[in-house]
Amino acid sequence: MKTIDWNQAPSPSYVVDERLLKRNLEILKSVQDRTGCDILLALKGFSMFSTFPMVRQYLKGITSSSLFEARLGYEEFGKEVHAYAPAYAENEIDEYLKYVDHIVFNSFDQLNKYKEKVQSLDKHVSIGLRVNPGYSEVETELYDPCALNSRLGIPFESFRPDELDGVEGIHFHAMCEQNSDVLERIIPHFEEKYGPYLHQMKWVNFGGGHHITRPDYDVDKLVNIINYIKEKYDVHVILEPGEAIALNTGYLVTTVLDVVKNGMEIAILDTSATCHMPDVLEMPYRPQIIGASTPNDKAYTYRLGGMTCLAGDVIGDYSFDQPLKAGDKVVFTDMAHYTMVKNHMFNGVNLPSICLFNEEEGVKVVRQFGYEDYRDRLS
């Protein structure tokens, strides 16, 4: 496999390797082929639409969490558009319904408010309800859809079986970056509460958080779970991961701007944890760096910091075989998902360029940003 010449990429920039993306998509397609399920791209995790011509060759469509995501999926992906939101605004619902093929409501009140409007459309839009199985194994509360007092999904004590008329599917989401053994433990909790109502449904959506393309993921177990639910309840199964599509497919190419000392060596990069890789602070998450290791494992240890004035804009401590100096490249791995979709221009720091790599063309710059992008977001 041809290696990427990082000097071809602007700094900073996200670079997505099309070869690695294709590998992930082939794994996901194999799950679809073995089960008949649909796997959707969740745009909240990865919405790099320059890759959609490749992705739509493998997946059934996209799922959206906002009006803009729904429109992007409709205009750029061109296949099925599913939608879920904690609530839909009245001034947006009509436009939403232009784009979507499935719409999932978060409460019976929202269902009853909009059901007649959905059913009066010239096209068929399948209606679903999101439920909360009341069980999860997500350790970080910020990312736990079933945390105490969660606003996401209808808890069983609020479920109204007599108001299911017109509802064709049930959706649940109880995972985050987890293996299929976690899903296996969630399913009994879901079935105990909502299984009796699946018999009258056309589909069930297992939500996201399935790390299907991770090297240690048990794909066979997932296939067995999907087939079990499909056969027991005679329903179509849908999954909507965001990370699994782009997991381990992208990089963030950065450059050392300066090295300062305050109790230890600190390298300042032309990137930012808070602006360009916010999960480093939110999760928290420690990204890997090509050629680097944990502190003190290699000869030279540095704290890597961003270029904003936020005191906590620190990526972490890493060790290197050689001393870092201004101009050196530092390349972070697994930077395709939850980066481009979450980044921002705090402090007026510019966004990284967006690039694709393939062996025929090398690094291609898809998009670069500038002052106008910063100014036009403000007033």
Set of ring pair (Phe, Tyr, Trp, His ring centres under 6.0 Å) partners for F156, sequence neighbours left out = Y194
Can you tell me if Y302 uses its side chain to pair, donor with acceptor, with the backbone of L324 under 3.5 Å?
-> yes
Residues D234, L198; criterion side-chain contact (heavy atoms from CB on, under 4.5 Å); working and verdict = CA-CA 8 Å; D234 191 24; L198 280 186; over 6 Å; no
Treating Ile, Leu, Val, Met, Phe, Trp and Tyr as nodes and any side-chain heavy-atom pair under 4.5 angstrom as an edge, say whether L97 and L72 lie in one connected cluster.
-> yes
What residues, two or more places apart in sequence or in another chain, satisfy salt bridge (charged side-chain N to carboxylate O under 4.0 Å, His left out) together with E18?
-> K364
Side chain to side chain donor-acceptor pair (under 3.5 Å) partners of residues 248-267, not counting sequence neighbours, each pair once = S11-T255
Under 30°, 30 to 60°, or over 60°: which ring-plane class applies to Y84 and H171, parallel, tilted or perpendicular?
-> parallel
Does the side chain of Y233 pick up a donor-acceptor pair with the side chain of E191 at under 3.5 Å?
-> yes
Salt bridge between K117 and D94, side-chain N to carboxylate O under 4.0 Å?
-> yes
Backbone N or O of D144 within a donor-acceptor pair of the S136 side chain at under 3.5 Å?
-> no
Nearest 0.5 Å, what's the CG-CZ distance between L129 and F108?
-> 5.0 Å
Distance in Å, L41 CG paired with S64 OG, rounded so as to fall on 0.5 Å steps = 10.5 Å
Could you pull out all residues at least two apart from R303 that satisfy side-chain contact (heavy atoms from CB on, under 4.5 Å)?
-> M264, I266, V314, D317
If you round to the nearest 0.5 Å, how far is SG of C37 from CD1 of I229?
-> 13.0 Å
Stepwise, does the ring pair (Phe, Tyr, Trp, His ring centres under 6.0 Å) test hold for Y285 with Y338?
-> CA-CA 12 Å; Y285 161 67; Y338 288 110; over 10 Å; no
Considering residues at least two apart in sequence or located in another chain, which fulfil the side-chain contact (heavy atoms from CB on, under 4.5 Å) criterion with P196?
-> none
Quick one: side chain to side chain donor-acceptor pair (under 3.5 Å) pairs with a partner in residues 369-379, sequence neighbours left out?
-> R367-D373
Identify whether V366 and L351 are in the same connected component of the hydrophobic contact network (ILVMFWY, side-chain heavy atoms under 4.5 Å).
-> yes
Applying ring pair (Phe, Tyr, Trp, His ring centres under 6.0 Å) to H211 and not counting sequence neighbours gives none
How far apart are the C-alpha atoms of F52 and F77, what are their side-chain angles, what is the distance that settles it, and do they pass the ring pair (Phe, Tyr, Trp, His ring centres under 6.0 Å) test?
-> CA-CA 6 Å; F52 286 2; F77 203 91; 5.2 Å; yes
Are the side chain of D328 and the backbone of K325 linked by a donor-acceptor contact shorter than 3.5 Å?
-> yes
Within the side chain of T140, is there an N or O that forms a donor-acceptor pair under 3.5 Å with the backbone of L142?
-> no
S319 (side chain) donor-acceptor with T294 (main chain) under 3.5 angstrom = yes
Start with the C-alpha gap between D334 and Q288, add the side-chain angles, then the distance that decides, and say whether side chain to side chain donor-acceptor pair (under 3.5 Å) holds.
-> CA-CA 8 Å; D334 198 19; Q288 299 298 309; over 6 Å; no
What distance do N24 atom CG and T213 atom OG1 have between them, rounded to the nearest 0.5 Å?
-> 4.0 Å
Straight-line distance of N347 CG to M345 CE, nearest 0.5 Å = 11.5 Å
When you look at CD of E157, are more than 12 heavy atoms from neighbouring residues, nucleotides or ligands closer to it than 6.0 Å?
-> yes
Begin with the C-alpha distance, continue with both residues' side-chain angles, and end with the deciding distance and a verdict on side-chain contact (heavy atoms from CB on, under 4.5 Å) for Y318 and V330.
-> CA-CA 11 Å; Y318 297 81; V330 175; over 6 Å; no
Is there a side-chain contact (heavy atoms from CB on, under 4.5 Å) between S13 and V365 once you walk through the steps?
-> CA-CA 9 Å; S13 65; V365 178; over 6 Å; no
Sequence neighbours excluded, the answer for ring pair (Phe, Tyr, Trp, His ring centres under 6.0 Å) partners of H337 is none
Less than 4.0 Å between a side-chain N and a carboxylate O, is that true for K221 and D181?
-> no
Short question: side chain of E69, backbone of S65 - any donor-acceptor pair under 3.5 Å?
-> yes
Around atom CZ of R151, are there more than 12 heavy atoms of other residues, nucleotides or ligands at under 6.0 Å?
-> no
CD1-OH distance between I212 and Y217, expressed to the nearest 0.5 angstrom = 5.0 Å
Between the side chain of N343 and the main-chain N/O of C275, is any donor-acceptor distance below 3.5 Å?
-> no
For D321, check salt bridge (charged side-chain N to carboxylate O under 4.0 Å, His left out) against everything at least two apart and list the hits.
-> K298
What residues form a salt bridge (charged side-chain N to carboxylate O under 4.0 Å, His left out) with R286, not counting sequence neighbours?
-> none
Check step by step if side chain to side chain donor-acceptor pair (under 3.5 Å) holds for E192 and Y135.
-> CA-CA 12 Å; E192 179 185 4; Y135 176 87; over 6 Å; no
Please report the C-alpha distance between Y114 and I103 in whole Å, then the side-chain angles of each, then the deciding distance to 0.1 Å, and finally whether the side-chain contact (heavy atoms from CB on, under 4.5 Å) criterion is met.
-> CA-CA 10 Å; Y114 295 122; I103 188 165; over 6 Å; no
Which of parallel (below 30°), tilted (30 to 60°) and perpendicular (above 60°) describes Y99 and Y74?
-> tilted
Does one hydrophobic cluster hold both L152 and V104, with members joined at side-chain heavy-atom distances below 4.5 Å?
-> yes
Among F206, F159, Y197, which one satisfies ring-ring contact (aromatic ring centres under 6.0 Å, His included) with F172?
-> F206
If you look only at pairs with a residue in residues 121-132, which of them pass as a side chain to side chain donor-acceptor pair (under 3.5 Å), with sequence neighbours excluded?
-> H124-E168, S126-E168, S126-W203
Does V259 belong to the same Ile/Leu/Val/Met/Phe/Trp/Tyr cluster as V331, with side-chain heavy atoms less than 4.5 Å apart forming each link?
-> no
State whether the side chain of R214 and the backbone N or O of E177 hold a donor-acceptor pair below 3.5 Å, judged by distance alone.
-> yes
With sequence neighbours left out, which residue pairs that include part of residues 30-45 fulfil the salt bridge (charged side-chain N to carboxylate O under 4.0 Å, His left out) condition?
-> K29-D33, R34-D220, D38-K60
So, does E137 use its side chain to make a donor-acceptor pair with the main chain of V182 at under 3.5 Å?
-> no
Short question: side chain of R71, backbone of E95 - any donor-acceptor pair under 3.5 Å?
-> no
Find out if a path of hydrophobic residues (ILVMFWY) with successive side-chain heavy-atom gaps under 4.5 Å connects L43 to Y14.
-> yes
